[in-house]
Amino acid sequence: MQDSSPVKRTPEGRRRAKAVIAFIERLTIPSGTGQGKPFKLEPFQKAFIRDIYEPHIGMRRAVRRAILSMARKNGKTALIAAIVLAHLVGPEACVHGEIYSAANDRDQAAIVFKFARQIVEMEPELAAEIEVIASTKTMLARRTGSVYRAISAEAGTKHGYLPSVVIYDELAQAKNRDLYDVLDTSFGARKEPLFIAISTQSNDPEHILSKLIDDGISGVDPSIVCHLFAADDDCELDDESQWHKANPALAKFRDYEDLASAIRKAMRLPAEEPKVRNLFLNQRVAPVSSLITRQEWMACATEVSLDEREEVYLALDLSSVVDLTALLVGSVNDPCRVVPYFWKPREHLTEHAHRDFGSGSHRYQEWAEAGHLRISPGRSIDPEAIALFIAELTQRYRVKGLAYDRWRINDLLREFDRIGLQAYQDGEKGDGLRLVPWGQGFKDMGPAIDALELAVIERTLKHPNNPILNWNMANAVATMDPAGNRKLDKDKARFRIDGAVALSMLLGLRSRDRNTFKPIDIEALIG
């Protein structure tokens, strides 16, 4: 079958990639491993360069965005500096180009600039072509008028840019996306813009880098290249084959004993394990161990729907009056299909986005606009809105019970009375909605967490890949008492876990009811 795609690896593209590789390998390593010797690109670096420069549409480079994600200490600084120079005065140089290496703080920006400067100073030919202005971390190409500047997120958004090339160092560590957005939207009329991110993975599935990687590895857009070097999520720490998957330069310019020492420390000290998995195995894990791994959680993601008049359970975590409220609806029958709902006060969307995701973030507003977050007017969660929505659910489904955290529940119960929604406490006689108070200590949450974990592992839980619930689950951390019972620890959690709390209560109530109301096996009774 003939390939009809306009994107092809053309002779011109191969020439360009070959020229970039040849230029870099004529440079001299200024410091670190191999100091004083010519650059020798490893196969993974050459493959990345070829995948950027070889694909063309006609005579133009097709790739506009490239992501190289690997563990720390695999030579990213040297590669960034070399690509910068290839575009400043090398085979990819253009007239009046603007090349930026972006970093999250001044110190990191200075490291990349210092490395590039050292390369220039070691090459008389480059030194003759480039004017170095150390005070502003700038280099000027005398022949073309192109400029290279190292910038940081601390000051980067205060300037106007028209970049031809941007290389973002350790994008995963960006506290917000301000600098990324400024640079990404500044290419303007450049004929062949190029945005490269070279970084370890973020532990946040909603981080911009995580989104870029997920989009890139999907292969949907041929203008995006993504090379991800990461250990398998469920790998053993001492599996050396996994070390190589995340560290393509291992035993070359990535020191083997340094990595082995970090792994051994993590095996002795469990508190070190999440950091080592993220930074040295390039896994998308939180700094503390999450209750459910991302791999297990995402294995349960699918399209979810609930039928009218289906039997369901509800679980509600009201949180505080100004923060996130979570309500989960889940089917009685297996698999347990869950649908989450979240509320947030309108007047705290921006303030709390900055608090939870960093200055400049608008994530809560983005979630609201995408339909994942319901907005409560004013500065607090309106209990009437929650009560009316629950009343609507009781009309839509056959609700077997509502598990709830006792925090602030009296406000909701008063609203139930006011709107005429009949309800009664579990264990008492009554009509309407059965209300089941659910303690947040080890006694009640222990079985609830067990039920959640079992449902995930056995894939009897199905969730709709809701980004807020995904975020809550990634943040959820459990603590254990001496008897082995667990509860969700809000103090150890990085951010909000309201959805994880509600989901645990829902599955806990569902499991408790199943064990309490087991059907009688008549054949077993009569023998």
Side-chain angles (χ1 to χ4, degrees), residues 203-207 210 274 284-301 304 313-320 323-330 336-344 352 356-357 363-364 367 372-374 381 402-408 436 438-480 485-512:
N203 55 61
D204 180 358
E206 292 299 307
H207 192 279
S210 301
R284 197 180 292 182
V285 296
V288 292
S289 296
S290 298
L291 173 66
I292 304 294
T293 68
R294 173 175 169 78
Q295 181 187 38
E296 292 289 335
W297 175 251
M298 294 310 296
C300 298
V304 170
Y313 286 102
L314 307 181
L316 177 68
D317 182 18
L318 275 171
S319 191
S320 71
D323 239 313
L324 195 65
T325 284
L327 175 68
L328 267 290
V329 185
C336 183
R337 291 158 286 120
V338 298
V339 178
Y341 299 93
F342 296 93
W343 286 262
K344 188 84 178 170
H352 286 187
D356 293 343
F357 306 107
R363 193 173 298 179
Y364 285 125
W367 280 337
H372 302 303
L373 181 65
R374 292 166 178 253
I381 297 291
L402 166 65
Y404 64 89
D405 178 1
R406 294 180 180 88
W407 171 258
R408 289 192 61 241
V436 184
W438 203 272
Q440 302 301 296
F442 292 110
K443 177 178 178 292
D444 283 344
M445 289 305 293
I449 290 175
D450 290 343
L452 169 59
E453 198 169 57
L454 186 64
V456 170
I457 292 172
E458 294 188 346
R459 307 292 187 261
T460 56
L461 173 71
K462 300 298 179 185
H463 66 83
N465 199 20
N466 178 285
I468 308 180
L469 185 58
N470 293 347
W471 177 58
N472 287 176
M473 291 302 301
N475 296 333
V477 178
T479 188
M480 186 179 297
N485 299 307
R486 292 176 294 172
K487 68 176 182 178
L488 293 176
D489 193 327
K490 294 188 177 183
D491 293 331
K492 290 184 178 179
R494 293 169 58 244
F495 299 116
R496 307 304 311 175
I497 63 170
D498 310 84
V501 171
L503 181 59
S504 299
M505 292 191 295
L506 187 148
L507 291 169
L509 176 58
R510 184 174 179 269
S511 175
R512 181 192 293 178

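By convention here, the first residue in the shown sequence is residue 1. Keep in mind that what you see is a predicted model, and the values were worked out from it rather than measured. The figures that follow rest on heavy atoms only: side chains count, while hydrogens, waters and symmetry mates do not.
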Legend entry - Minimum side-chain heavy-atom gap Leu506-Cys336 below 4.5 Å: yes
Inset, instruction - For the residue pair Arg486 and Glu453, establish whether any side-chain heavy-atom pair is separated by less than 4.5 Å. - result: yes
Legend entry - Distance-only polar pair, side chains of Asp498 and Asn472, donor-acceptor under 3.5 Å: no
Inset, instruction - To the nearest 0.5 Å, tell me how far Arg363 CZ sits from Ile468 CD1. - result: 10.5 Å
Legend entry - Side-chain (Asn475) to main-chain (Arg496) donor-acceptor, under 3.5 angstrom: yes
Legend entry - Nearest non-hydrogen partners of Pro467 and Glu206, listed with the distance: CB-OE2, 3.3 Å
Inset, instruction - Using modelled atom types only, decide if a donor and an acceptor are shared between the side chain of His463 and the backbone of Trp297 within a distance under 3.5 Å. - result: yes
Inset, instruction - Say whether, by atom type as modelled, one donor and one acceptor occur between the side chain of Trp438 and the main chain of Asp444 under 3.5 angstrom. - result: yes
Inset, instruction - Using salt bridge (charged side-chain N to carboxylate O under 4.0 Å, His left out) as the criterion, list what pairs up with Glu458, not counting sequence neighbours. - result: none
Inset, instruction - Please round to the nearest 0.5 Å and tell me the distance separating atom CZ of Arg294 and atom CG of Asp204. - result: 9.5 Å
Legend entry - Side-chain donor/acceptor of Ser504 to backbone N/O of Ala500, under 3.5 Å: yes
Legend entry - Flag side-chain contact, heavy atom, 4.5 Å: Leu314 against Tyr404: no
Inset, instruction - Please report the shortest heavy-atom distance between Val456 and Arg459, naming the atom on each side. - result: O-NH1, 2.6 Å
Inset, instruction - Grab the two heavy atoms, one from Val304 and one from Lys462, that are nearest each other, plus how far apart they are. - result: CG2-O, 3.7 Å
Legend entry - Exercise: identify the closest heavy-atom pair between Ala451 and Ser511: CB-CB, 3.9 Å
Inset, instruction - Would you check if Asp323 and Lys344 make a side-chain contact, meaning some heavy-atom pair closer than 4.5 Å? - result: yes
Inset, instruction - Taking the side chain as every heavy atom from C-beta outward, state whether Gln440 and Met505 have any atom pair closer than 4.5 Å. - result: yes
Inset, instruction - Could you check Asn465 against Met298 for side-chain contact (heavy atoms from CB on, under 4.5 Å), going step by step and ending with a plain yes or no? - result: CA-CA 7 Å; Asn465 199 20; Met298 294 310 296; 3.0 Å; yes
Inset, instruction - State, with a plain yes or no, whether a side-chain heavy atom of Leu324 is found less than 4.5 Å away from one of Leu373. - result: yes
Inset, instruction - Answer yes or no: is there a side-chain heavy-atom contact under 4.5 Å between Phe442 and Thr479? - result: yes
Legend entry - Tyr364: partners by side-chain hydrogen bond (donor to acceptor under 3.5 Å, both in side chains), with sequence neighbours left out: Asp356
Inset, instruction - To the nearest 0.5 Å, tell me how far Ile497 CD1 sits from Asp317 CG. - result: 8.0 Å
Legend entry - Atom pair CE/CG of Met473 and Leu452 - distance to nearest 0.5 Å: 5.0 Å
Inset, instruction - Side-chain contact test, heavy atoms from C-beta onward, threshold under 4.5 Å: evaluate it for Asp405 versus Leu318 and give yes or no. - result: no
Inset, instruction - Would you please test Leu469 and Phe342 for side-chain contact (heavy atoms from CB on, under 4.5 Å) and show each step? - result: CA-CA 9 Å; Leu469 185 58; Phe342 296 93; 4.1 Å; yes
